[in-house]
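Single-structure report; data block below.
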Protein chains: 2
Amino acid sequence: MAKNLQTAATTGAVPGTAANAAQPLPGRRPRGRPRKTHSELDEGNRRRLIIEGAARLFRAKGFAAASTRDIAAAAGMHGGSPFYHFESKNALLYVVMQEGMAQAAASQQAALDGVPANAPARERLRTLIRNHFQVLLGPGSDFIPVMLYEWRSLNDGQRAGISQLTGAYEAQWMPTLRALHADGALKADPRTARLFIFGALNWSVQWFSPRGAQSLDGLTAQALALFVGQAEPCPARAS
Amino acid sequence: MAKNLQTAATTGAVPGTAANAAQPLPGRRPRGRPRKTHSELDEGNRRRLIIEGAARLFRAKGFAAASTRDIAAAAGMHGGSPFYHFESKNALLYVVMQEGMAQAAASQQAALDGVPANAPARERLRTLIRNHFQVLLGPGSDFIPVMLYEWRSLNDGQRAGISQLTGAYEAQWMPTLRALHADGALKADPRTARLFIFGALNWSVQWFSPRGAQSLDGLTAQALALFVGQAEPCPARAS
DNA sequence: CCTACCGATCGGTAGG
DNA sequence: CCTACCGATCGGTAGG
C-alpha cells in the first residue's frame with residue numbers, strides 16, 4: 001500500500017497514479033503542462049515532515065527506540081499513516097541517510113568549487129573541514145548524525161547503497177591529504193589520517209553546543225592546527 | 001526480587017541477605033570468616049555471564065534492540081532470570097558501562113605508572129594513546145564501545161555517575177597535552193585537542209579490524225604523528 | 001533460577 | 001490518510 005517506495009524501479013510503481021486520481025474539479029480543463037494539484041503539494045509536504053521528524057527522532061532516541069507512532073505524531077499524522085509513504089520503518093531510515101549524504105556531498109562539492117584551483121592544499125583542507133562541521137553541526141542537521149550512529153540498523157543492501165555515497169564523499173579528501181603529506185605538513189599516512197580526522201570531526205556531534213563558546217570557524221582553525229600545524233610547518237628562523 | 005541492586009544505598013537493601021538464606025547445611029557450624037559457598041560462586045559466574053553477554057549484545061544490536069531474553073540466552077538462562085540479578089535492563093546497561101570505565105581507568109593508571117617520571121611528554125602521550133586503543137580494540141572489549149554509543153539510553157542519575165568516571169579518565173590526559181602545547185608540539189588548544197583526539201581514537205571502533213594490516217602499535221604511531229608530528233617538531237637544519 | 005503469565009507497545013495491514 | 005485491528009515481542013513479576 002506504500003505509495004512512495006524506496007526504489008520505484010524495483011517495484012514497477014507508476015509515479016503519480018494516486019495523485020492524478022485526486023483531481024477533483026469537474027468544470028476546469030487542464031491546458032498545457034499540468035500544474036501540481038493542491039493535494040500533490042500536501043503530500044510532498046507530508047512526506048517531508050515525516051522524513052524530518054524521523055531524522056530528529058532517530059537521532060534523539062535511536063532507530064529502535066523511536067516508534068513509527070512517534071514519527072507519525074511529529075508529522076501531525078495518526079498511527080499507521082507513515083506506511084502510506086514508506087513501505088517500512090527501515091526504508092524510512094534509509095531515505096533519511098540517503099538524503100543526508102546527498103546533501104552533504106552537494107554542499108561539499110559547492111564548497112570545493114569555490115576554492116581557486118591554485119590554492120594551497122591547506123586551504124582546500126580548511127574548506128573540507130569547515131563544510132564538514134557545517135553539515136554535522138549546522139542548523140537542522142540530524143541526518144548525518146543518524147547516518148553515523150545507526151549504521152548497524154541497515155541491512156546489507158542498504159549498507160551497500162550508502163557506502164557508495166560515503167565513499168565518494170571521502171574520496172574528495174584524498175588528493176588534498178596526499179598533497180599535504182607530500183609537503184610534510186601532514187605527518188601520518190594519508191589513508192589512516194583520513195580515518196582519524198573523520199573520527200575527530202564526527203565525534204563533535206557528541207559534545208558541540210551551538211550555544212557554547214566555539215564557533216564553527218574557531219573549531220575549524222583548531223582542527224587544522226591539530227592536524228597540519230601552522231601554514232609554514234617549520235618556518236625559517238628569523239635570525 | 002532483584003538481588004544485586006544498582007545502588008544498595010537508595011533501596012535500603014541489606015547486602016548478603018539472600019545469600020545468607022541460601023546456606024543450607026544444618027550439620028555444619030561455620031567457624032571464623034565464612035567461606036564462599038558453592039552457590040555463591042555460581043551466582044557470581046552467572047552474573048558475569050549476564051554482564052558479558054549484555055555488553056556484546058548491546059554493542060552489536062544497540063541497547064533498545066537487544067532484548068533481555070537474548071541476554072538471558074547468551075548467559076545460558078531462561079527468559080526472566082536476568083531480573084534475579086539486575087533490577088532492570090537499564091541497571092544492567094549501567095553496570096556494563098561502569099565496569100568498562102573502571103577497567104579502562106585501572107589499565108590507564110597502570111600504564112602511566114610504568115612511564116618514568118622524567119620521560120618526555122610525547123612518551124606519556126604515546127602510552128595514553130596505546131592504552132586507549134588497547135581498551136577500545138583489544139580482545140573482549142565491548143564495554144567501552146557500549147559506553148561510547150549508548151549514552152542516550154542512560155537516565156540523568158546514571159549519566160552523572162558515569163560522567164565522574166569518564167571525567168577522571170580524561171583528566172589524566174590534560175597535563176601531558178598542556179606540556180606538549182607549551183613545547184609547541186601540539187598546535188591546538190589542549191582542551192579542544194583532547195576532544196578531537198578522543199574522537200579520532202574512539203571512531204576506530206567503527207573501522208578497525210583485528211585481522212587487518214594495522215597493529216595497535218602501528219595505529220598508535222600514526223596517531224602520534226598526526227597529532228604531535230615528529231619527536232623534534234622543527235629540527236635544526238643540518239647545514 | 002525456572003515457569004507461566006501480565007499489560008504495554010510495536011511494526012505493519014485491510015478496508016475505506 | 002484515518003480507523004480498527006493483528007500477531008509478535010517486549011520488560012518485568014509472582015510464586016515456587
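All chains are named by letter (A, B, ...) in the order of the sequence lines, taking the proteins before the strands, and each is independently numbered beginning at 1. Since the model is a prediction, treat every value here as computed from it, not as a measurement.
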Tell me whether the count of non-hydrogen atoms from other residues, nucleotides or ligands lying under 6.0 Å of [atom1] in [X] goes above 12.
| X | atom1 | result |
| --- | --- | --- |
| B:Asp113 | CG | yes |
| B:Gln109 | CD | yes |
| B:Glu170 | CD | yes |
| B:Arg152 | CZ | yes |

Starting at atom [atom1] of [X], determine the distance to atom [atom2] of [N], rounded to an integer number of angstrom.
| X | N | atom1 | atom2 | answer |
| --- | --- | --- | --- | --- |
| A:Ile50 | D:dC2 | CD1 | C1' | 13 Å |
| B:Tyr84 | D:dG15 | OH | P | 18 Å |
| A:Leu92 | C:dG12 | CG | P | 10 Å |
| A:Leu57 | C:dG11 | CG | C1' | 16 Å |
| A:Phe63 | C:dC10 | CZ | P | 13 Å |
| B:Phe83 | D:dT13 | CZ | P | 7 Å |

>> Closest-nucleotide mapping onto DNA chain D: is B:Ser67 or A:Gly80 further toward the 5' terminus? I mean the 5' end.
In response: A:Gly80

>> What's the separation between atom CZ in A:Phe133 and atom CG in A:Leu201, rounded to the nearest 0.5 Å?
In response: 4.5 Å

>> Please report the interatomic distance CZ(A:Phe86) to CD1(A:Ile50), rounded to the nearest 0.5 Å.
In response: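 Between atom CZ of A:Phe86 and atom CD1 of A:Ile50 there are 5.5 Å.
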
> Which heavy-atom pair separates A:Val95 from A:Ile51 by the least distance, and what is that distance?
Replying inline: CG1-CD1, 3.8 Å

Please determine, for the side chain of [X], which listed nucleotide ([options]) has the closest atom?
| X | options | answer |
| --- | --- | --- |
| B:Arg46 | C:dC1, D:dG12, D:dC1 | C:dC1 |
| A:Lys89 | C:dC1, C:dG12, D:dC1 | C:dG12 |
| B:Met77 | D:dG12, C:dG11, C:dC2 | C:dC2 |

>> Looking only at the side chains, is there a donor atom on one of A:Thr192 and B:Gln214 sitting less than 3.5 Å from an acceptor on the other?
In response: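 Their side chains do contain a donor-acceptor pair, which is all the 3.5 Å distance test asks for.
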
> Does the side chain of A:Gln108 pick up a donor-acceptor pair with the side chain of A:Trp173 at under 3.5 Å?
Replying inline: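 Yes.
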
>> Regarding B:Ala64, tell me which of base, sugar-phosphate or nothing describes its non-hydrogen contacts under 4.0 Å with the strands shown.
In response: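 No contact.
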
>> Just N and O in the side chain of A:Ser81: are any of them under 4.0 Å from OP1 or OP2 of D:dC2?
In response: yes

>> Within residues 68-75 of chain B, which residues have any heavy atom lying less than 4.0 Å from an atom of DNA chain D?
In response: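 The answer is B:Thr68, B:Arg69.
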
> Just the dot-bracket of DNA chain D, please: which string comes out with Watson-Crick or G-U pairs under 3.5 Å, [ ] for crossing, | for another strand?
Replying inline: ||||||||||||||||

